[in-house]
Amino acid sequence: MENNTNKRILITGANGAMAKETIKHLIKHGYNNIVMAVRTKHKGEIAKREILQSVKSDQTLRLVVIDGFDMNHPEKITAAVQKLDKTEPFDIVFLAAGFAVFSDNYESITYKNTQFEKTVFQNLIGSHIVYVQLKRIGLLSKTARIVLAGGEGARGISGMIKKPRFESKKSLMGYIHLKSESLPKYNPMNAIGVSKFVGGLWVKKLAEIEPDFEVVWFSPGLTSGSSGSSGLKNLPRVKQTVFNLMFGMMNFIGQSQSPQKGGEKYADCLMGNVGKSGELIGAPKGKTLGKYTEQTPLNTDLEKIELREALWDSLKIFDA
C-alpha cells in the first residue's frame with residue numbers, strides 16, 4: 001500500500017453520510033491524518049465513533065473533530081479555521097459541506113449589507129471562505145489538492161433539475177443577490193443545480209489563479225441518503241413524503257447509488273486518481289451515474305469567462 005501517512009486532509013461537512021464514507025475509504029488506503037470540520041462538536045464526535053467502529057486502523061491514526069464550521073456564518077467559519085492546528089499545512093482539502101434549502105420561497109443570507117441567495121451561500125460561498133482563511137494563515141501546502149463537491153444539476157437533470165442558464169453576468173448576479181425582477185419561482189432542486197453551477201465557475205477561476213494547486217469539481221453521480229436531504233425535515237409532512245418517494249424511486253431504478261459507493265469514488269478523486277485541475281467531473285450526458293465525464297460541454301454557460309469573473313468579483317467582500 002502506498003505510504004500516505006504524511007498527507008494531512010481537511011474535510012468540511014465531515015459528519016454527512018457521504019463524507020463519513022469517504023473518510024472510511026481514505027483510512028483503508030493508509031491516510032491517517034484527517035481533520036473532520038463540522039458545525040457541532042456533538043454530531044462530529046458521533047460520526048467519528050461510527051467511522052472508528054467500522055474501519056481497522058493502527059494507533060497512529062489521527063482523526064480530529066473541529067467544530068464551528070457553520071456554512072451560513074462567515075465569522076464562525078473564520079473562527080473555526082483559527083482553531084485548527086497550525087503546525088502543518090493541508091495537502092488535501094475536501095469541501096463537502098452543503099445543504100438543500102427545501103422551502104417555498106427564496107431565502108437569503110446577508111453579509112456586510114449584501115444579500116446572497118442561501119443555497120448558493122451554503123454550497124459554495126461558505127467553502128470559499130474556508131479556502132480564503134486557510135490560505136491566509138498558511139494552512140495550504142504549495143501543491144494542495146482542493147476538491148469541491150459537485151453535482152450533475154450544474155448541467156441539468158431531465159425531469160428533476162432544470163439546466164442553469166445565465167445569458168450575462170447581470171443575470172447571474174441578479175440571481176446570486178436576489179435582485180432580479182425576473183427570478184423564476186423557487187424550486188429547491190433547481191436551486192441546488194444553480195449552486196453546483198456556480199461552484200463550477202469557482203473551480204475554473206481558482207485553478208486559473210492558483211496554478212500550483214490542483215482544484216477539481218467532482219460528482220460521484222447521484223447519491224441517496226446524502227447530508228443535503230436533512231433539509232427535508234423543515235418541510236410539511238406531505239412534501240417530505242413526496243421528496244423521499246422521489247429519492248427512493250431514483251435508487252430503486254438504478255439512477256442513484258449508496259453513500260458507500262459515492263464515498264469510495266470521492267476518496268478516489270481526493271487521492272488524485274480522478275480529475276485534473278480545472279476539470280468538472282461527473283456522470284455522462286443524460287445520466288445520473290456512469291463513466292466520468294467532463295461536464296463543461298454539457299452546459300456551455302460554464303465556459304463563460306464573464307460569469308467566472310463576475311462571481312469572483314462578488315466574493316472579494318469575504319477577502320477583507
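Remember, it's a predicted structure, so these values are computed and weren't measured experimentally.
- Side-chain contact between Glu210 and Tyr131 is present, with at least one heavy-atom pair separated by less than 4.5 Å.
- Between Trp202 and His128, the ring planes are perpendicular. Angles over 60° get that label, and only those under 30° would be called parallel.
- Although no hydrogens or angles enter the test, the distance criterion places a donor-acceptor pair under 3.5 Å between the side chain of Asp91 and the main chain of Arg8.
- Listed for the Arg308 side chain is no donor-acceptor partner under 3.5 Å among the backbone atoms of Lys204.
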Only pairs under 3.5 Å count here: list side-chain donor-acceptor contacts from residues 277-287, not counting sequence neighbours, and write none if there are none.
from   : atom 1 : to     : atom 2 : distance (Å)
Ser277 : OG     : Phe213 : O      : 3.4
Ser277 : OG     : Val215 : N      : 3.0
Glu279 : OE1    : Lys276 : N      : 2.8

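- Separation of atoms CG (Leu95) and OG1 (Thr12) is listed at 5.0 Å; rounding is to 0.5 Å.
- Put simply, the side chain of Tyr266 gets close to the backbone of Phe218: a donor and an acceptor are under 3.5 Å apart.
- In this structure, the side chain to side chain contact (heavy atoms under 4.5 Å, CB included) partners of Leu178, at least two apart in sequence or on a different chain, are Tyr106, Ser108, Gln115, Glu117, Leu183.
- At distances below 3.5 Å, not a single donor-acceptor pair connects side-chain atoms of Asp212 with backbone N or O atoms of Lys142.
- Judged purely by distance below 3.5 Å, without hydrogens or angles, the side chains of Thr288 and Glu152 never pair a donor atom with an acceptor atom.
- Between Glu50 and Lys24, the closest side-chain pair of non-hydrogen atoms falls below 4.5 Å.
- No side-chain donor-acceptor contact under 3.5 Å links Lys43 to the backbone of Gly16.
- Here the side chains of Asn299 and Pro164 are in contact, with some heavy-atom distance below 4.5 Å.
- With rounding to the nearest 0.5 Å, the separation of CD1 in Ile11 from CG in Leu270 is 6.0 Å.
- Inter-residue side-chain proximity for Met18 and Pro220 is flagged as met; some heavy-atom pair is nearer than 4.5 Å.
- A side-chain contact (heavy atoms from CB on, under 4.5 Å) with Phe197 holds for exactly one of Asp301, Val120, Ile192; it is Asp301.
- For residues 63-79, the set of pairs meeting the side-chain hydrogen bond (donor to acceptor under 3.5 Å, both in side chains) definition, not counting sequence neighbours, comprises Asp67-Lys83, Asn72-Gln122.
- Listed by chain and number, the residues in a side chain to side chain contact (heavy atoms under 4.5 Å, CB included) with Ala80 are Phe69 (sequence neighbours excluded).
- Salt-bridge check for Lys316 with Asp313: passed, with a basic side-chain N closer than 4.0 Å to an acidic carboxylate O.
- Side-chain atoms of Ser219 come within 3.5 Å of backbone atoms of Gly221 as a donor-acceptor pair (strictly under, hydrogens ignored).
- Contacts of Gln82 classified as side-chain hydrogen bond (donor to acceptor under 3.5 Å, both in side chains), with partners at least two apart in sequence or in another chain: none.
- Taking 4.5 Å as the limit, every side-chain heavy atom of Leu10 sits out of range of all side-chain heavy atoms of Leu139.
- With a 4.5 Å cut-off on side-chain heavy atoms, Gln257 and Leu289 count as touching.
- By the salt bridge (charged side-chain N to carboxylate O under 4.0 Å, His left out) test, Glu306 is found to be paired with no residue, residues two or more places apart in sequence or in another chain being considered.
- Ion pairing between Glu167 and Lys304 fails under the 4.0 Å rule for side-chain N and carboxylate O.
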